[in-house]
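Working notes, structure below.
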There are 2 protein chains.
Amino acid sequence: MRDVSRLAGVSRMTVARVLHRSGGVLPTTQARVEQAVSALGYVPDRAAGSLSTRRSGFVGLVLPTLNNANFASLAEGLTEALRPANYEVLIGYTGYSVAEEERQIRTMLARRPEALVLAATGHSPATRRLLEPGRPPVIEIAELPDQPLAHAIGLSNEAAGRAAADTLLGLGHRKLGAIGPGRDGDRIDTRGEARLRGFVAAVAAAGLPTSLALAEGGLPNSYRHGAEAMAALLAQAPDVEAVFAISDLSAVGALSECQRRGIAVPGRISLLGFGDFDIGQQLVPPLSTIATDFPGMGRAAGRMIIELVAPPSTGAGGLQQPALDRRLDIGFNLLERGTTRAAGPAGINHRKASHA
Amino acid sequence: MRDVSRLAGVSRMTVARVLHRSGGVLPTTQARVEQAVSALGYVPDRAAGSLSTRRSGFVGLVLPTLNNANFASLAEGLTEALRPANYEVLIGYTGYSVAEEERQIRTMLARRPEALVLAATGHSPATRRLLEPGRPPVIEIAELPDQPLAHAIGLSNEAAGRAAADTLLGLGHRKLGAIGPGRDGDRIDTRGEARLRGFVAAVAAAGLPTSLALAEGGLPNSYRHGAEAMAALLAQAPDVEAVFAISDLSAVGALSECQRRGIAVPGRISLLGFGDFDIGQQLVPPLSTIATDFPGMGRAAGRMIIELVAPPSTGAGGLQQPALDRRLDIGFNLLERGTTRAAGPAGINHRKASHA
DNA sequence: CTGTTAGCGCGTTCAC
DNA sequence: GTGAACGCGCTAACAG
């Protein structure tokens with residue numbers, strides 16, 4: 001910048017004014033400065049700027065994994081909503097590990113994010129301490145925890161699990177199985193577990209056995225994991241009638257396993273997933289699933305952040321509102337497509353339930 | 001930090017020494033400081049540190065899209081390789097847009113990355129200027145461009161396209177189609193286009209018509225796009241014998257479309273994709289594809305960066321080596337799985353070609 | 001409309 | 001073994 005100001009024959013302050021379009025600069029001066037900037041290929045140092053402004057200009061997003069279309073959509077929604085306010089989004093991922101989440105949050109905090117959006121699950125005590133008031137605002141997303149850190153945008157995963165069970169029961173199925181998330185060291189998918197919990201609760205409430213609710217395999221959820229779980233399920237109960245998979249990923253794997261074994265879906269087994277992944281829509285038959293608006297959650301989080309923190313461009317605020325604990329329920333839609341069917345002789349059933 | 005030093009009754013200098021484990025501090029003093037740090041929940045300000053050290057401690061990774069398992073693997077490989085050297089990875093994505101890539105690179109440059117890894121495609125002239133020498137080292141990844149910016153790690157996508165054609169021809173197919181990447185405004189998938197180009201060249205070299213090499217649909221590549229392209233292909237040539245899709249994503253969509261129409265794959269049509277996505281392995285039949293080691297490319301990039309730039313922990317280097325233009329060919333494997341079969345009466349053919 | 005001064009939070013050199 | 005002083009590149013507040 002010093003070079004630029006010298007080349008343009010003005011002070012560094014004037015250069016700054018041109019760069020920020022704060023006006024009050026003579027057109028001729030401005031032109032000289034702009035020329036110098038492009039001649040030198042000068043790009044202002046954001047780190048130094050932040051240090052001075054005390055506004056880092058970015059929002060941290062902590063994801064469990066990159067390899068999941070739902071989280072990708074979430075990230076895109078957030079980025080999109082934050083762009084007009086001139087915020088950048090920094091993405092970190094944890095592989096569902098609680099320790100890794102703590103590490104990620106700590107390194108993000110070191111760069112002083114204006115806000116933190118947490119899609120990772122299962123916060124450690126140290127993490128909770130790290131995020132106490134006085135710190136940047138925190139939004140937990142894709143769930144509505146019992147003990148939220150602050151703000152939350154998402155859905156009740158337990159309710160989604162219950163809805164899955166109720167739908168399968170409503171179809172007349174009585175022998176219900178589930179493919180849960182499993183655990184792997186300190187890796188934990190609390191949302192998947194909540195869905196499984198809701199499912200089990202609803203099945204139990206109907207007076208039916210819940211021993212077929214599997215929770216094994218590794219994390220992150222994967223196609224292969226779903227295929228393996230389906231195989232285990234069939235070994236345990238060859239006459240299982242309906243299966244809920246807590247992720248479309250495992251549902252797709254389960255569907256493939258059935259196809260490999262010549263088991264008709266939905267003829268002999270009804271299959272229901274969660275997440276409404278693109279792949280599920282394309283499959284033959286198309287996967288029945290529970291859909292949530294992930295891009296919408298991201299956008300909502302972006303809007304909330306803009307509300308909580310004045311955008312960096314104005315330079316005005318930065319003050320955090322008195323912590324008005326807000327939670328936003330996005331709800332979900334249960335989509336009965338091609339992999340679910342009423343029990344008994346050739347039942348056909350098309351329904352669509354909406355929960356918000 | 002000021003607060004910490006006061007609480008511990010020492011100078012800020014001593015606090016810094018404890019934080020960096022540079023030694024030369026009395027155990028008792030050290031304990032006092034550590035206690036103060038955790039009592040206050042103090043996290044050092046990295047931005048200020050970077051300003052002073054002139055080492056930002058992060059590497060920028062620019063991806064075309066988040067919603068693609070190959071790029072997710074790439075990111076994981078890079079992160080993994082860079083972790084021991086204490087680098088963080090900042091991820092940006094462009095949606096395949098050339099203008100957006102320029103914007104992303106500019107904002108990254110503003111934070112002074114130690115290196116840049118570019119998986120996005122189709123650099124604008126302004127981008128090339130931005131990345132001229134004197135700037136951080138740049139690694140282009142997942143391709144080996146004719147006019148590389150500097151270093152490159154990847155494969156020849158043209159060679160992959162040629163291999164696809166050769167394989168399909170070798171199977172005895174004569175009526176070959178392809179599903180390319182399409183363009184959408186300034187969005188461009190140069191790698192997909194290179195694969196298509198290689199394919200077309202090989203088909204032409206065999207003296208066969210290339211009119212069935214489609215390049216339409218939007219970006220990013222998607223299942224739906226593949227299904228639509230397959231429909232278009234069948235409308236144009238109902239008797240097409242073999243199809244190469246430049247992405248497994250579109251290949252899976254094409255396979256679904258065939259299944260919906262009752263067209264046997266590989267019975268009537270051979271189908272070959274690219275990318276070796278998890279989903280392709282799980283499908284019935286499993287998708288024939290071209291595999292590349294994406295995590296490996298990420299790790300190789302990480303190692304190259306560590307070689308080019310001394311890690312921030314040592315604080316020693318930061319100097320860029322004399323630009324030894326390096327290109328690393330990772331090669332690819334053509335995997336004939338369940339969706340390709342020799343033409344004619346019940347031909348069976350299992351081959352596995354390796355190119356590096 | 002433009003320049004000067006001070007300081008953001010930290011690391012580093014040198015004294016003590 | 002510990003502390004004081006300066007500077008990293010930039011911007012906020014004020015002066016001219």
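Numbered from 1 within each chain, the chains take letters A, B, ... in sequence-line order. Here the structure is a predicted model, which means the values were calculated and not measured.
For B:T14 and D:dG1, the shortest distance from a side-chain N or O to OP1 or OP2 is not below 4.0 Å. Close to D:dT2, at under 4.0 Å from its OP1 or OP2, lies a side-chain N or O of B:T29.
The nearest whole Å value for the distance from the CG atom in A:L109 to the P atom in C:dG9 is 15 Å. The distance between atom CE of B:M13 and atom C1' of D:dT2, rounded to the nearest whole Å, is 9 Å. Across the protein-nucleic acid pair, B:R111 atom CZ and D:dC10 atom C1' stand 14 Å apart, rounded to whole Å. Atom CZ of A:R32 is separated from atom P of C:dC1 by 15 Å (rounded to the nearest Å). Distance A:R21 CZ to D:dT11 P: 13 Å, rounded to the nearest Å. Atom CZ in B:R6 sits roughly 12 Å away from atom P in C:dG9 (whole-Å rounding). With rounding to whole Å, B:H20 atom NE2 is found 11 Å from C:dT12 atom C1'. One can place CD of A:Q30 at 14 Å from C1' of C:dT2, the figure rounded to the nearest angstrom.
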Side-chain donor-acceptor distances from residues 75-83 of chain B under 3.5 Å, at least two apart:
residue : atom : partner : partner atom : Å
B:T79   : OG1  : A:Y93   : OH           : 3.3
B:T79   : OG1  : B:A75   : O            : 2.7
B:R83   : NH1  : A:E100  : OE1          : 3.4

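The backbone N or O of B:L149 lies less than 3.5 Å from a partner atom in the side chain of B:E140, making a donor-acceptor pair.
Between its opening and closing five pairs, the helix from C:dC1-D:dG16 to C:dC16-D:dG1 changes axis direction by 40°, a value rounded to 10 degrees.
Listed by first and then second residue, the salt bridge (Lys or Arg N to Asp or Glu O under 4.0 Å) pairs that reach into residues 117-132 of chain A come to none, sequence neighbours excluded. Pairs engaging residues 10-26 of chain A under the salt bridge (Lys or Arg N to Asp or Glu O under 4.0 Å) rule: none recorded [sequence neighbours left out].
The side chain to side chain contact (heavy atoms under 4.5 Å, CB included) search around B:L7 returns B:A36, B:A39, B:L40, not counting sequence neighbours. Taking the side chain to side chain contact (heavy atoms under 4.5 Å, CB included) definition, one finds that B:V98 meets it with B:S124, B:D186, B:I188, sequence neighbours left out. By the side chain to side chain contact (heavy atoms under 4.5 Å, CB included) test, B:L109 pairs with A:V43, B:I105, B:P113, B:L116, B:L130, B:L131, B:P136, sequence neighbours left out. Checked against side chain to side chain contact (heavy atoms under 4.5 Å, CB included), A:L90 has the following partners two or more places apart in sequence or in another chain: A:F58, A:M108, B:L90.
Ion pairing of B:R106 with B:E102 is present here, as a side-chain N (NZ or NE/NH1/NH2) and a carboxylate O approach within less than 4.0 Å.
The 5' end of DNA chain D is approached more closely, in terms of each residue's nearest nucleotide, by B:R17 than by the other of B:R17 and A:R17.
In the set C:dT4, D:dT11, C:dC1, C:dT4 carries the atom at the smallest distance from any side-chain atom of A:S11.
One cannot find a donor-acceptor pair under 3.5 Å joining the base of C:dG9 and the side-chain atoms of B:R46.
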Could you list the protein-to-nucleotides 7-9 of chain D atom pairs, N/O on both sides, closer than 3.5 Å?
residue : atom : partner : partner atom : Å
D:dG7   : N2   : B:S52   : OG           : 3.3
D:dC8   : O3'  : B:R54   : NH1          : 3.2
D:dC8   : O2   : B:S52   : N            : 3.4
D:dG9   : OP1  : B:R54   : NH1          : 3.0
D:dG9   : OP1  : B:R54   : NH2          : 2.8
D:dG9   : N2   : A:A48   : O            : 3.2

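When heavy atoms are screened at a 4.0 angstrom cut-off, A:S50 is found touching no nucleic acid atom at all.
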